[in-house]
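First up is the structure itself, then whatever we jot down about it.
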Amino acid sequence: MPIWFYWAAASAVFAALTAIFAKVGLQGINSDFATFIRTIVIMMALVAFLSYTKKWQPLSSLTGKNWLFLILSGLATGASWVAYFKALQLGNASQVAPIDKFSLVLVTIFAVIFLGERPNSQEWLGIGLVAAGVLVLAFKR
């Protein structure tokens with residue numbers, strides 16, 4: 001396998017973990033506020049948006065679990081971006097991007113394992129088609 005594939009695959013794993021960690025971290029708090037906490041790990045943002053929309057919540061409203069999983073989600077986002085840009089530097093965008101989108105498949109698998117979600121047969125078929133599409137697009141000649 002070319003090295004860009006491993007970087008793109010790492011990007012997909014971290015992107016999938018971002019969604020899973022955020023899902024757990026969102027429990028009991030406003031999603032816009034949760035997005036701010038997650039994003040602060042990788043950059044200072046959303047202050048103006050939260051002020052404008054009046055979505056601020058007292059920091060005391062977050063549990064330790066909220067903090068833990070929102071920070072993990074932010075770290076996974078940062079790792080995904082680093083891996084994606086490295087893969088793009090080393091490989092073709094038309095091959096790297098489909099591998100990155102494999103995160104859709106990984107999110108479903110992680111959601112089943114960690115969140116107890118149960119996709120139906122039609123959803124599994126769609127995920128299978130995404131996986132097949134990723135392979136077709138990534139390994140074109």
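We use all heavy atoms of the structure for the numbers below, so side chains are in, but hydrogens, waters and symmetry mates are not.
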For F5, the ring-ring contact (aromatic ring centres under 6.0 Å, His included) test, sequence neighbours excluded, returns F139
Taken in chain and number order and not counting sequence neighbours, the residues that satisfy side-chain contact (heavy atoms from CB on, under 4.5 Å) with A8 are W4, A87, V96, I99
I3 meets the side-chain contact (heavy atoms from CB on, under 4.5 Å) criterion, sequence neighbours left out, with W7, L90
Query raised in the report: When you look at K101 and V130, which way does the side chain to side chain contact (heavy atoms under 4.5 Å, CB included) test go after all the steps?
Result: CA-CA 9 Å; K101 298 312 172 221; V130 169; 5.9 Å; no
Let me check something: any side-chain donor-acceptor pairs from residues 109-116 under 3.5 Å, sequence neighbours excluded? List them with distances.
none

The complete set of side chain to side chain donor-acceptor pair (under 3.5 Å) pairs with one or both residues in residues 121-134, sequence neighbours excluded, reads none
d(T63 OG1, N66 CG) to nearest 0.5 Å is 3.0 Å
Separation between CG (L68) and OG (S73), nearest 0.5 Å, reads 11.0 Å
What closest approach, in Å, do [X] and [Y] show between heavy atoms, and which atom pair accounts for it?
| X | Y | answer |
| --- | --- | --- |
| P98 | L137 | CG-CB, 3.5 Å |
| F102 | A131 | CE1-CB, 3.9 Å |
| A12 | S103 | O-CB, 3.4 Å |

- request: Find out whether P119 and I127 are in side-chain contact, i.e. whether some heavy atom of one side chain is under 4.5 Å from a heavy atom of the other.
  value: no
Less than 4.5 Å apart, any side-chain heavy atom of L106 and any of V13? yes
Do L62 and L70 pass the side chain to side chain contact (heavy atoms under 4.5 Å, CB included) test, and can you show the C-alpha distance, the side-chain angles, and the key distance before you say yes or no?
-> CA-CA 10 Å; L62 276 79; L70 293 173; 4.2 Å; yes
Excluding L129, membership of its hydrophobic cluster (Ile, Leu, Val, Met, Phe, Trp, Tyr; side-chain heavy atoms within less than 4.5 Å) reads L125
- Task: Answer yes or no: is there a donor N or O on one side and an acceptor on the other, between the side chain of S11 and the main chain of D100, under 3.5 Å?
- Result: no
For this session: Report the C-alpha separation of L59 and W67 in whole Å, then their side-chain angles, then the decisive distance to 0.1 Å, and conclude whether the side chain to side chain contact (heavy atoms under 4.5 Å, CB included) test is met.
Result: CA-CA 10 Å; L59 293 178; W67 279 107; 4.0 Å; yes
